[in-house]
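One structure below.
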2 protein chains.
Amino acid sequence: MAKKKLEEVDLSTEEKIKDAARRVFMKKGYAATRTRDIAEAAGINLALLNYYFRSKEKLFELIMLEKLAKFFGAIAPILNDTNATLDQKISAFSNNYIDLLTANPELPLFILSEVRANPERFVNKLPVAKVAESHFIQQLQEKRPDVHPLHFLMNVLGLSVFPFVMKPVFHASGILNERAFAARMEERKALIPKWIMGMLKTK
Amino acid sequence: MAKKKLEEVDLSTEEKIKDAARRVFMKKGYAATRTRDIAEAAGINLALLNYYFRSKEKLFELIMLEKLAKFFGAIAPILNDTNATLDQKISAFSNNYIDLLTANPELPLFILSEVRANPERFVNKLPVAKVAESHFIQQLQEKRPDVHPLHFLMNVLGLSVFPFVMKPVFHASGILNERAFAARMEERKALIPKWIMGMLKTK
DNA sequence: GTCTATAACCTGATAGAC
DNA sequence: GTCTATCAGGTTATAGAC
């Protein structure tokens with residue numbers, strides 16, 4: 001059997017639409033996406049989109065739930081591992097999360113952009129409580145009761161995520177190409193734990 | 001004379017429209033903004049918007065240029081002050097920039113969201129060269145020739161900016177209210193220089 | 001300069017044939 | 001299940017009266 005050009009050729013129609021919706025929503029955001037774009041990207045007719053998913057809104061919510069689970073789901077388990085030391089948690093996090101984001105570079109900015117554009121939609125729907133009250137937070141409080149633990153959580157997260165958030169800016173500026181960006185992110189896997197452990201000692 | 005309810009009542013029509021455009025574009029982004037929203041927010045008629053600014057696109061570009069200048073313009077002068085030490089640059093940056101962002105909390109995510117949604121529009125239009133080739137970068141290279149200077153630039157920027165990027169998420173989660181956020185950001189002004197100077201010593 | 005009215009087009013969604 | 005055709009409503013932009 002000849003190799004197919006598009007990898008989704010053999011998928012069900014429903015999956016073809018979801019696949020296309022992931023690509024188009026991620027690239028342009030909810031507001032700028034037209035259902036016709038998704039239909040075209042899926043290689044199907046516009047009517048089929050509504051046949052399977054009822055509306056643009058419902059389809060978007062489906063995709064968004066997936067993306068939220070991917071973005072937040074990877075954090076809580078690591079930070080709540082009660083057998084891991086602070087150092088181990090930070091290492092595990094930066095390694096795993098940078099891998100996740102390298103495979104899904106537009107994930108953070110997609111979520112952040114949509115939350116900003118439509119905060120009401122996300123009220124009480126963001127699974128961050130497990131992170132904000134994690135075992136990691138407790139360890140931080142023990143280690144440095146003089147500094148609010150949120151600072152260190154923000155830093156671990158930010159040092160890993162922020163480069164991906166800035167990526168479109170660097171790319172549009174022509175400052176940092178794809179290969180160089182990947183190299184820097186690979187270096188950060190080992191650097192971030194050192195930096196954060198240093199912060200925890202800084203008086 | 002009685003005090004006016006809205007501060008822009010006495011402005012020229014052109015300024016009223018620009019003021020409204022700033023608010024609406026910043027809140028909803030380009031794609032989700034309707035010119036009718038802007039006209040209504042400005043208290044004028046829809047036709048006047050086109051009379052003064054020709055099109056939604058032109059009006060947006062005007063506002064975006066302002067915002068880009070604000071966001072990037074504050075960085076380069078500090079990082080290119082050839083009389084300042086590394087430590088002084090970092091302190092000046094985190095203090096000034098956190099003040100700027102506290103006064104304009106939606107600024108970073110507005111720009112990042114729009115660049116992501118429409119990268120072509122911004123190619124060669126982002127004034128970041130003066131930052132990427134700054135005196136600060138030279139100092140970093142001298143101090144730590146073993147680590148790519150972009151890491152430290154990214155960290156100084158990220159530690160200041162990332163909390164504002166995450167703000168909508170924290171807010172929608174109910175984790176962090178306005179007052180607590182402001183308190184943390186005030187603390188970070190002094191913390192960030194310590195953290196970064198620590199990083200520069202970490203082997 | 002400012003308004004109302006409307007043109008010209010676009011978008012999400014559905015009806016109905018196959 | 002899948003398509004074509006089309007509806008209903010919304011959106012940008014302009015014409016023309018005042």
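No experiment lies behind these values; they were computed from the predicted model shown. Letters A, B, ... are given to chains in the order of the sequence lines, protein chains preceding strands, and every chain is numbered from 1.
Regarding A:Ile38, its CD1 atom lies at a distance of 10 Å from the P atom of C:dA13, rounded to whole Å. The CG atom of B:Leu59 sits 17 Å away from the P atom of D:dT11 (whole-angstrom rounding). Distance CG (A:Asn50) to P (C:dT11): 15 Å, rounded to an integer number of Å. Across the protein-nucleic acid pair, A:Lys56 atom NZ and C:dT11 atom P stand 9 Å apart, rounded to whole Å. A straight line from CZ of A:Phe25 to C1' of C:dG12 spans 12 Å, rounded to a whole angstrom.
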Show me the donor-acceptor pairs, under 3.5 Å and distance only, between side chains in residues 169-182 of chain B and residues at least two apart or in other chains.
residue  : atom : partner  : partner atom : Å
B:Ser173 : OG   : B:Val169 : O            : 2.5
B:Asn177 : OD1  : B:Arg179 : N            : 3.2
B:Asn177 : OD1  : B:Ala180 : N            : 2.8
B:Glu178 : OE2  : B:Lys167 : NZ           : 2.6

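With sequence neighbours excluded, no residue forms a salt bridge (Lys or Arg N to Asp or Glu O under 4.0 Å) with A:Arg188. A:Glu57 meets the salt bridge (Lys or Arg N to Asp or Glu O under 4.0 Å) test with A:Arg121; sequence neighbours excluded. Residues meeting the side chain to side chain donor-acceptor pair (under 3.5 Å) test with B:Glu186, sequence neighbours left out: B:Lys189. Remark: A:Glu40 pairs with no residue by the side chain to side chain donor-acceptor pair (under 3.5 Å) rule, at least two apart or across chains.
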Take B:Glu187 and A:His151, measure what side chain to side chain donor-acceptor pair (under 3.5 Å) needs, and give me the verdict at the end. CA-CA 9 Å; B:Glu187 291 162 6; A:His151 283 300; 2.6 Å; yes

Counting primed atoms, P, OP1 and OP2 as sugar-phosphate and everything else as base, the B/S/- map of nucleotides 1-7 of chain C against protein heavy atoms under 4.0 Å is BBBB---

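In terms of phosphate contacts, A:Thr35 brings a side-chain nitrogen or oxygen within less than 4.0 Å of OP1 or OP2 of C:dG12.
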